[in-house]
Amino acid sequence: MDQETLVAVVQDTTYRNDENGYTVLRVNVGRTTHTVVGQMPELSPGENVSFEGSWTEHPTYGKQFSARKCTITPPTGKSAIEKYLGSGLIRGIGPATAKLIVNHFGEDALNILDVEPERLIEVSGIGKKRAEMIIESYTQQMGMRRVMVFLQNYGLSPNLSMRIAKYYGEATVELIRENPYRMVTDIEGVGFLTADRIALSMGMDPQSEFRIRAALFYLLNEAAGGAGHTYLPRELLVSKAAQMLRAQEEIVERQITEAMLQKMIIGFRFADCDDALCLPFYFMAEQEIALRLTRLMHARPYKRVAGLEDRINEYERDNGVHFSENQRKAIRSAVEEGVLVITGGPGTGKTTIIRCILSLLSEDNEILLCAPTGRAAKRMSEATGQEAKTIHRLLEYGGDSGMFARSEDYPLECDCLIVDEMSMVDVTLMRGLMRAVLPGTRVILVGDADQLPSVGAGNVLKDILDSDVIPSIRLTDIFRQDESSMIVLNAHAINHGEMPVLRSKDTDFFYVERTLQSEAAQTIAQLLRTRLPKYLGFPNEEWQSQAIRTIQVLTPTKKGECGAVSLNRLLQEALNPDKPGLDAIVHGETEFRVGDKVIQTKNDYQLEYTRFTPYGSEEGAGVFNGDVGYIQHIDPAEHMMTVVFDDERLVTYQKQQLDSLDLAYALTVHKSQGSEFPVVVVPVVGGPPMLMARNLLYTALTRARRLVVLVGREEVIRQMTLNDHVAKRYTTLKERLLSAASL
C-alpha cells in the first residue's frame, strides 16, 4: 500500500480512546473536510498536522486517511491559536479564557506559554492558582507530545510509544537518551533489537555495559519464553551473546561476572552442567516448587478414609467397573499420600480413577478441581460432574496487581486439590499454585507425560516424574470402554514407535493420501466444508457453525501451505466467507469477521471480562495464551470486537489489544495442549525435523474425542513415528527435588 502525506488543520475530534490513543479526527485541507484515523497524541482544533499513511475505504464511513505517524506544527494566526487554546485540551482554559489570552498576547500567546508561562497572571481573570493549573496541564500535554514524536522518529509504533510514555512519564526522553536498553527489561513488547537500533543510532558505544547486559537479559528471557529453558549453560549464553553483539567473548564474560555480582543473573552448578546461568525469577521459582512439593509430600493428609478397600469394592459394584491392581494402587495412594502424580495416555482410566477418588473423599472433604486452560477445566467438569476452574481463576488472579490473591497468607480452603493436564503447567503457574496450598492438603497431579511440554518455561511434570522423589503411578493398560477405538490404539502405537493402522474400515480414524502441500490444503478445506459435516450428520442450516465449533485442524507448523497461517485464511473463506451485512475489521494482515474462531496468543492479565452464570454476572480480568473463542460482535467504526470464550467469558477488545488475537480454524499442535475436540484433522506433509516428531503426532491424536483424519503422506507419518527426538529443555526442578528430598 502506497504511503502518502496529508497536511491538514484539525477541525475537531469525533472519537478518542485515551487508553491506546486511537483517534478519529475531522480535518480541513483547504476547504475540503476529511476523516483521519489512527493512534496519535491528543490533538486540538486549529493545529497544523502532517499525517503519514494511506487512504482506505471504510464499509460504513467511506473514504478516510489511516495515519501511521503525525508531525504537529503549532497553530498560527490569532483565530487558530484561540480555537486551539479553547478546545478543552488544557485544564483551566475554556473558549472565553482563550479569547482573553490571545487578546492580551496576540500571536505570541503560545510562545509565552512555552517560555514565560508565569506571565499568564497578566491576563485579566487569571490568578496565581489558576495560572499554575494551566501551566501544569499545558506542560503535561506538551511533554506527552514531545515523547510521542521522539519515539516515533525511531520507528516505534504509536501504540508502543504510548505504553513507553505512560511507563516513564515526563522523564521518558531523558531516560531513553541515557540508556535505551532499559526498555528491554522494563517494558513488555520492546525487544533487544528495537532498543539496540535506537541506541546505536544515538551513537552509543557497541561495547557499552548497558548493551551487553540487555543482550544477556534478552537471551535468557527468550530462552525461557521461546524454548522453555529456565537456565542456559554459561558457554552457550556467552557464545550466543558474542554472536548477536558481534563482540569478543572476553567482553561478554566480564559483563556476566558484573551482572552476577549485582544479582541480575544467578550462576550455579549441577553434576551435568558445570556452569549454568539464569534469571533470578526462574532460579527462585524452581527452588520454591521443589521445597513446597517436598513439604506437602511429608505432611500426611489431615483427614483419613475409613474402610478404604471396602469403599473401593463398593464403588466398583455400584458403577460397573473393575480396577486393575495398578489402578487400585493409584486410588489408595491418592487418598493416603500427601502428593501423588497419576500419568498415562488416552483410555488408561485417569478420569475413572478421579471419579472414584472424588466419591471416596466427597463426604468429609472439601475438594477443588482445576486445570491450566478454560477448555481443559470445562472438560474436567464434564467428566467428573463437579466444578473445575482454571488455575488462574482458582488462585484469584488480580489483573491490576499482576499477582495471585491466593498465597500462603490467603491459602486455598480445601482438603484435596486435583490438577489436570499437568503437562501444560509451567514453573510460573506451578509456583503460584504451590504457594496457595497448605501442608496437610492432598495434592493429586494428573497428566500425560508423553505429550508436548508446557508452552511456558520449565518441564514441571517430566521433571517431577524423572526425579522419582514424589510418589507416582504410570497407567499403561487401556481400559476405556470403547477400547476398540482406533484413535486410542493408534495413539499408543505411535507412542511406542509403531506405525499406526491407517486403512481400517468403519473406525474413528481415517487417512487421506495427498502428495503435495497444496493438494492437502485444498482437501482439508473440502473436508471441513462438505465431507465431514455430511459424514457427521450436521443439520443443513447449522453445518457452518457446527463445523467451526466441532472440527479443529491441528498442524505441526506455522509456515507453509499447510501451516497454521495459510490454512487459517483458506478455512476462513471456506467456513465464514465475506458477504454483505457481515461485520468485519482488518487488523494488520488479518481480517476478522463475526463468527470467526479466534485464539489468544499471549497472556493479557489486564484484559477485563464478564462471565454470565446462573447466579448472576461475574467480573474479572485475564485472558491467557491458548484461550479459544468466537467473535460475537464487531464495531468497525471504533475498531473493537467482542469475543465469547469457551468458558463463557465475554471480552471486548480495543484496537491495540487485537494484536493478541489470531484466527483459530487451524492451530499448531503446541497451541492445542490441554484442549480436546470432537474432530481433529491433521496435515502430515513434512516440515522441520525438530517439529516432525513422535510426541507431536501423539499429542495431536490425543486431542480428538470422536474422529481423527490425517491428510498427507504415509512416509511422513512413518518418519514422525520413528523420530523420538525431544528437544532438550534446560531445567533444574529434577535436581532441586533430589536436593530437597535429601535434606
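One-based numbering along the sequence shown.
Here CZ of Arg694 is found 4.5 Å from CG of Asp724. Values are rounded to the nearest 0.5 Å. With values rounded to the nearest 0.5 angstrom, Ser672 atom OG is found 5.5 Å from Phe677 atom CZ. Here Ile353 contributes atom CD1 and Gln327 contributes atom CD; the two are 4.5 Å apart, rounded to the nearest 0.5 Å. Rounding to the nearest 0.5 Å gives a distance of 12.0 Å between CD of Glu715 and OG1 of Thr515. To the nearest 0.5 Å, atom NZ of residue Lys671 and atom CG of residue Asp627 are 10.0 Å apart. Between Ile631 atom CD1 and Phe592 atom CZ the span is 6.0 Å, to the nearest 0.5 Å.
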Determine, stepwise, if the pair Glu676 / Lys378 fulfils salt bridge (charged side-chain N to carboxylate O under 4.0 Å, His left out).
CA-CA 10 Å; Glu676 197 172 76; Lys378 185 177 181 180; over 6 Å; no
When you look at Arg379 and Glu421, which way does the salt bridge (charged side-chain N to carboxylate O under 4.0 Å, His left out) test go after all the steps?
CA-CA 11 Å; Arg379 188 158 50 87; Glu421 293 290 353; 2.6 Å; yes
As a quick check of understanding, evaluate side chain to side chain contact (heavy atoms under 4.5 Å, CB included) for Phe323 and Tyr315, giving each step before the final call.
CA-CA 10 Å; Phe323 295 120; Tyr315 182 88; 3.9 Å; yes
Step-by-step side chain to side chain donor-acceptor pair (under 3.5 Å) determination, Ser566 to Glu561:
CA-CA 6 Å; Ser566 294; Glu561 291 184 81; over 6 Å; no
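Salt-bridge formation is not detected for the pair Arg649/Glu618: no Lys NZ or Arg NE/NH1/NH2 atom is positioned less than 4.0 Å from an Asp or Glu carboxylate oxygen. The residues Glu325 and Lys329 are annotated as not salt-bridged, no charged nitrogen and carboxylate oxygen being separated by less than 4.0 angstrom. With respect to Arg569 and Glu591, no salt bridge is recorded, no charged nitrogen being found less than 4.0 Å from a carboxylate O. In this structure, Asp450 pairs ionically with Arg474, as a charged nitrogen and a carboxylate oxygen lie closer than 4.0 Å. Glu573 and Arg593 are joined by a salt bridge, as a carboxylate oxygen and a charged side-chain nitrogen come within less than 4.0 angstrom of each other. With respect to Arg503 and Glu513, a salt bridge is recorded, a charged nitrogen being found less than 4.0 Å from a carboxylate O.
One side chain, Asp463 or Thr731, offers a donor N or O that lies under 3.5 Å from an acceptor on the other. Of the N and O atoms on the side chains of Gln632 and Thr642, not one donor lies less than 3.5 Å from an acceptor on the other residue. If you check the side chains of Gln719 and Arg713, you find no donor sitting under 3.5 Å from an acceptor. A donor atom on one side chain and an acceptor atom on the other are found under 3.5 Å apart for Thr523 and Arg514. Side-chain N/O atoms of Ser423 and Asp448 include no donor and acceptor closer than 3.5 Å. For the residue pair Arg328/Asn313, the side-chain donor-acceptor check at 3.5 Å is satisfied. Inspection of the Lys597 and Gln572 side chains reveals no N or O donor paired with an N or O acceptor under 3.5 Å.
For NZ of Lys462, the number of neighbouring non-hydrogen atoms (other residues, nucleotides, ligands) closer than 6.0 Å is 12 at most. Atom CG of Asn540 is surrounded by 12 or fewer heavy atoms from other residues, nucleotides or ligands within 6.0 Å.
Counting heavy atoms from C-beta outward, Thr557 and Thr668 have side chains that stay 4.5 Å or more apart. Using a 4.5 Å heavy-atom threshold, the side chains of Leu368 and Ile418 count as separate. Using a 4.5 Å heavy-atom cutoff, the side chains of Glu309 and Arg332 are in contact. Between Val679 and Leu536 the shortest side-chain heavy-atom distance falls below 4.5 Å. Tyr665 places none of its side-chain heavy atoms less than 4.5 Å from the side chain of Leu567. Counting only heavy atoms from C-beta outward, the side chains of Met692 and Pro689 never approach each other to under 4.5 Å. When side chains are defined from C-beta on, Thr530 does not count as touching Lys534, because their heavy atoms never get closer than 4.5 Å. In this structure the side chain of Leu528 reaches within 4.5 angstrom of the side chain of Leu575, judged on heavy atoms.
Counting all heavy atoms, side chain and backbone alike, Asp508 lies closest to Ser485 at OD2-OG, 2.7 Å. Nearest heavy-atom pair across Thr721 and Glu498 is CG2-O, 3.2 Å.
In summary, of the residues considered (Val339, Asn365, Leu417), a side-chain contact (heavy atoms from CB on, under 4.5 Å) with Arg442 occurs for Asn365 alone. Among the candidates Thr702, Leu696, Leu701, the single residue satisfying the side-chain contact (heavy atoms from CB on, under 4.5 Å) test with Tyr698 is Thr702.
Between Tyr535 and Phe510, the angle of the ring planes goes over 60°, which puts this pair in the perpendicular group of the 30/60° scheme. Using a 30° and 60° split on the angle between ring planes, His392 and Phe624 fall in the parallel class, below 30°.
Judged by the 6.0 Å and 45° rule, Arg549 forms a cation-pi pair with Tyr630.
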